[in-house]
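Before any comments, here is the structure.
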Number of protein chains: 2
Amino acid sequence: MARAATTTDAFNAVAEPRRRQILDVLAAGERPVNDLVAQLGLAQPLVSKHLRVLRQVGLVEVREEGRQRLYRLNGHPLKPIHDWVKNYERSWSQRFDRLDAVLAELKEKEQADESRNE
Amino acid sequence: MARAATTTDAFNAVAEPRRRQILDVLAAGERPVNDLVAQLGLAQPLVSKHLRVLRQVGLVEVREEGRQRLYRLNGHPLKPIHDWVKNYERSWSQRFDRLDAVLAELKEKEQADESRNE
DNA sequence: TTGACATATGTCTATATGAGTATACGATTC
DNA sequence: GAATCGTATACTCATATAGACATATGTCAA
C-alpha cells in the first residue's frame, strides 16, 4: 500500500508546509486565489491544487464572486490534531513539572505501602 | 517533486495513524518491539519500519537490553505541531467566544469613531 | 465578439511510500 | 555450536505525490 492520500484527513493535508502557509494567510481573513499566489510566491496552478486538497478535507471553503473565488478558513478539522498532540504537551512544557513531581511522590508512597503488606 | 519524506519532520511522521498509535502506547512507558507488535496487531517488520521513521525524527529513542530493544517516547519534536495548531483553536473552541465578542465590540466602536471624524 | 483576466484541470516526471514476504543478524539458551 | 528468540533489513509491488508546464473554463470589459 502506498502512503495515505493527502486528502485522507487533516493530519495528512497539513503535513505539507505550503498548505499550512495557505491556512496561515487565510487565518487573517477571506482571500482570492491570486492574493495567495502573490503572498506565497508560488505558481498559480500549484496554489489551486493545494486549495483543492484543503477543500477536500474541509479546511477551507469557497465563495464565488465574479471571476474570483474567495477562500476562507475553517479550522474545525484541525481539532483532532490538537486533541491528539495536547496529550504530549508534558513532554516539553515545564507547566507539568509540578504535577509530575506529585505523581512520582504518590507512586513512591504506593510502593512503600505494598512492601509493607508483604 | 514527490511528497516530502515521512522523515522530514514530525508533521510528516505523525500523519501515519499507525505511528501515532505507537506513540500512544509508548506514552505509558518504555516498551520492547514485540510488545508493540502484540498491542497493535501489526506485522513485526512493519512496526520496526515505523519505529525507524519515528527514530529519525527524534520522536522515540532506543535502549538495548539483551536481545530486546526498548523504545521510549520523546515528545519534544511534537511541540511545533502543538504550537502551530493551537493558533487555530478559536475555530472550534467556545473558550474564545467571549474574547471574540469583545474584539467585535472594539472593532465596532473603532468604526464609529472613524465615521465621527469624517 | 474579441480579448483580457481569474482560476481550475490535465499531463508528465521523479520520487517515496506502506505493506507483504523472506531473510539477515546479534544475543541467549541448550 | 546449534537452535531459538528479538529485531532489523532487503526486495517487491501498487500507488500517490509536488511541481512544471500547457491548456481549458468561466467571467467581465471594450
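Just so it is clear, the structure is predicted and the values come from calculations on it, not from any experiment.
In this structure, the side chain of A/Thr8 engages the main chain of A/Ala5 through a donor-acceptor pair within 3.5 Å. Using modelled atom types, no side-chain atom of A/Asn34 and backbone atom of A/Val37 make a donor-acceptor pair closer than 3.5 Å.
Residues B/Leu51 and B/Ile22 meet the side-chain proximity criterion, which asks for heavy atoms closer than 4.5 Å. The shortest distance between side-chain heavy atoms of A/Arg18 and A/Leu42 falls below 4.5 Å. Residues A/Tyr71 and A/Asp35 have side chains not in contact (no heavy-atom distance under 4.5 Å, counting atoms from C-beta outward).
In this structure, A/Pro45 reaches the bases: a heavy-atom distance under 4.0 Å links it to at least one base atom across the strands shown. Looking at heavy-atom distances under 4.0 Å, A/Gln68 makes contact with sugar-phosphate atoms alone, never a base.
Residue whose closest nucleotide on DNA chain D sits further toward the 5' end, between A/Met1 and A/Glu64: A/Met1. Comparing B/Thr7 and B/Ala43 against DNA chain C, the residue whose closest nucleotide sits nearer the 5' end is B/Thr7. Taking for each of A/Arg69 and B/Leu70 the nucleotide of DNA chain D with the nearest heavy atom, the 5'-most of the two is the partner of B/Leu70.
Look at CZ on A/Phe11: it is 16 Å from P on C/dG18, rounded to the nearest Å. Atom-to-atom, CZ of B/Arg3 to P of C/dA16 comes out at 13 Å; the value is rounded to the nearest Å. Rounded to whole Å, the distance from NZ on A/Lys49 to P on C/dG10 is 10 Å. In this structure, CG of B/Leu40 is placed 15 Å from C1' of C/dG18, rounded to the nearest angstrom. As a whole-Å value, the separation of B/Glu16 CD from C/dA19 C1' is 10 Å.
When the shell of 6.0 Å around CZ of B/Arg52 is examined, it contains 12 or fewer heavy atoms from other residues, nucleotides or ligands.
For DNA chain D, the outermost nucleotides in 5' to 3' order that have an atom under 4.0 Å from a heavy atom of chain B are D/dT4 to D/dG19.
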Take A/Tyr88 and B/Asp24 through the test side-chain hydrogen bond (donor to acceptor under 3.5 Å, both in side chains) and record every step on the way to the result.
CA-CA 9 Å; A/Tyr88 293 89; B/Asp24 290 341; 2.3 Å; yes
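Between B/His82 and A/His82, the ring-plane angle classifies as parallel under the 30° and 60° cut-offs.
For DNA chain C, runs of at least 3 consecutive pairs of the Watson-Crick or G-U wobble type, with both hydrogen-bonding distances under 3.5 angstrom, map to C:1-30 with D:1-30.
Partner B/His50 forms a side chain to side chain donor-acceptor pair (under 3.5 Å) with one of B/Arg20, B/Arg55, B/Arg19 and no other, that one being B/Arg19.
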